[in-house]
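Worksheet: the structure to be examined is printed underneath.
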Amino acid sequence: MRQLPWRNTNDPYKIWLSEIILQQTRVAQGLPYYQNFIEKYPDVKALASAPEEEVLRMWQGLGYYSRARNLHACAKEVVEKYDGFFPEDYISLQTLKGIGKYTAAAIASFAFKEAVPAVDGNVFRVLARYFAIEENIADTKNFAIFFNTALEIIPKDQPDLFNQAMMELGATICTPGNPACLVCPVSVGCTAREKGTQKKLPVKEKKVKVRQRFFYYLMWEKDDKIAMKKRGPQDIWQGLFDFDLIESKTALNNNVVEETILAEVPDAEVLSISAPVKHVLTHQRIEAVFIGLKNPSSVYLKERELSYFKKEQIEELPKPILIDKYLKGRIN
DNA sequence: AAGCCGGGGCA
DNA sequence: TGCCCAGGCTT
């Protein structure tokens, strides 16, 4: 069993924090973030009273930034509505921001010993193989099949150990690619192993389409400052700071964008144009060029909701990794 | 019920 | 370069 700082504790705050960080994130990547958060915010009250931007900055690089916003909102609700104590059952926990079925079950079983199965990707896989369940795990309507199967075998006296063992088995032995059946403690009784269908399970069918996007970043410079804007809702990187952005539906073409800028901001002076920078996400593929400029009109700045920041300030702001990569590349 | 949301590891 | 990892929220 791997020794991790959020194990062997009953503190719901630590368990909750680790679970939110570890959603869609590997232990090796999440561990340093967990340690930074615990150091900076030792309890839920400390986290609740932090500014949201600071929390986002702490989260920078982990992705799925709605997790950080929900984390902060949840901490505030726990402090304001529950006097700093997390609700103690599976159903109530799910009313909090960012806590769904999996995370609620993890907290309820680890912190409060409630006998409810925590079905994450690892557990889906273990259950699908052990019981040879062929239903598509990507289809939400099949969740109940897996949940109820686990509910039948979870021991009422130590549900926390059961959940931890199931996840650990999936993470270390019953792995997606090459399950280590020879050393698996439950290989006897595993239906998939009996039938030799381990690698076919779990069944997972999902259609994913990738959006190709083209970004022109306009870096308006003034003295040692650059204009930036906080990103709004309805898109990626909510709440993070971006440079002034013109998005194009067609492939990057510097001439076209230069004409567009000059038409809107006649006095603008282009100082530099970077080579295209590519950024690949799971569902989006972004190509960006960074254009250094000066002399925007004050009307333009106001309409675009841009404000100037000193370069040292920009380092402290929460930003998409794409921006960070570009800025670091420029220094080197 | 379906679509959206970021990173990193690895072949 | 392409494929894999996955839980929760919004529409």
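A, B, ... follow the sequence lines: proteins, then strands. Residue 1 opens every chain.
- At whole-Å resolution of the value, CZ in A:Phe146 and P in C:dG7 are 12 Å apart.
- Listed nucleotides: C:dT10, C:dA6, B:dC5. Nearest to the side chain of A:Gln284: B:dC5.
- Among the heavy atoms of the strands lying under 4.0 Å from A:Tyr64 is at least one base atom, whether or not backbone atoms are also near.
- When the P atom is compared between C:dG8 and B:dG8, the two are found 22 Å apart, to the nearest whole Å.
- For the atom pair CE (A:Met228) and NZ (A:Lys319), the distance works out to 6.5 Å, reported to the nearest 0.5 Å.
- In this structure, the side-chain hydrogen bond (donor to acceptor under 3.5 Å, both in side chains) partners of A:Asp139, at least two apart in sequence or on a different chain, are A:Lys141.
- Contact check of residues 17-28 of chain A against DNA chain B (heavy atom, cut-off under 4.0 Å) returns A:Gln24, A:Arg26.
- Remark: C1' of B:dG6 and CD1 of A:Ile286 are 10 Å apart, rounded to the nearest angstrom.
- Taking the nucleotide of DNA chain B with the nearest heavy atom to each of A:His279 and A:Thr140, the more 5' of the two is matched to A:Thr140.
- Closest to the side chain of A:Asp120, from the set B:dG6, C:dC9, C:dG7, is C:dG7.
- One can place CG of A:Asn136 at 13 Å from C1' of B:dA2, the figure rounded to the nearest angstrom.
- At whole-Å resolution of the value, CG in A:Asn70 and C1' in C:dG7 are 11 Å apart.
- Taking side-chain N and O atoms only, A:Lys204 has no distance below 4.0 Å to OP1 or OP2 of C:dC4.
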Query - Chi angles and distances behind the side chain to side chain donor-acceptor pair (under 3.5 Å) call for A:Asp244, A:Tyr300 - result: CA-CA 11 Å; A:Asp244 187 18; A:Tyr300 178 89; 2.5 Å; yes
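- Residue A:Asp139 is classed as having no contact, given no heavy-atom separation below 4.0 Å to the nucleic acid.
- The shortest distance between side-chain heavy atoms of A:Leu31 and A:Trp6 falls below 4.5 Å.
- Using a 4.0 Å heavy-atom criterion, one finds that A:Gly177 contacts no nucleic acid atom at all.
- Rounded to whole Å, atom P of B:dG6 lies 8 Å from atom CD of A:Gln238.
- Checking the phosphate oxygens (OP1, OP2) of B:dG7, a side-chain nitrogen or oxygen of A:Trp237 falls inside 4.0 Å.
- Ring geometry for A:Trp16 against A:Tyr13 counts as tilted: the plane angle lies between 30° and 60°, on a 0 to 90° scale.
- Both A:Tyr102 and A:Pro176 lie near DNA chain C, and the one whose nearest nucleotide falls closer to the 5' end is A:Pro176.
- More than 12 heavy atoms of other residues, nucleotides or ligands lie within 6.0 Å of NZ in A:Lys156, so this atom counts as buried by the packing criterion.
- Where A:Lys278 and A:Ala104 each meet DNA chain C at their nearest nucleotide, the meeting point lying more 5' is that of A:Lys278.
- The interatomic distance linking A:Lys97 (NZ) with C:dC9 (C1') rounds to 8 Å, in whole Å.
- Checking side-chain atoms of A:Gln313 against main-chain N and O of A:Lys310 turns up a donor-acceptor pair under 3.5 Å.
- What separates CG of A:Leu93 from C1' of C:dG8 is a distance of 15 Å, to the nearest Å.
- Of the candidate nucleotides C:dT10, C:dG7, B:dA1, C:dG7 has the atom lying nearest to any side-chain atom of A:Phe124.
- Separating the CZ atom of A:Arg69 from the P atom of B:dC4 is a distance of 17 Å, rounded to the nearest angstrom.
- Annotation: side-chain hydrogen bond (donor to acceptor under 3.5 Å, both in side chains) contacts of A:Tyr64 (sequence neighbours excluded): none.
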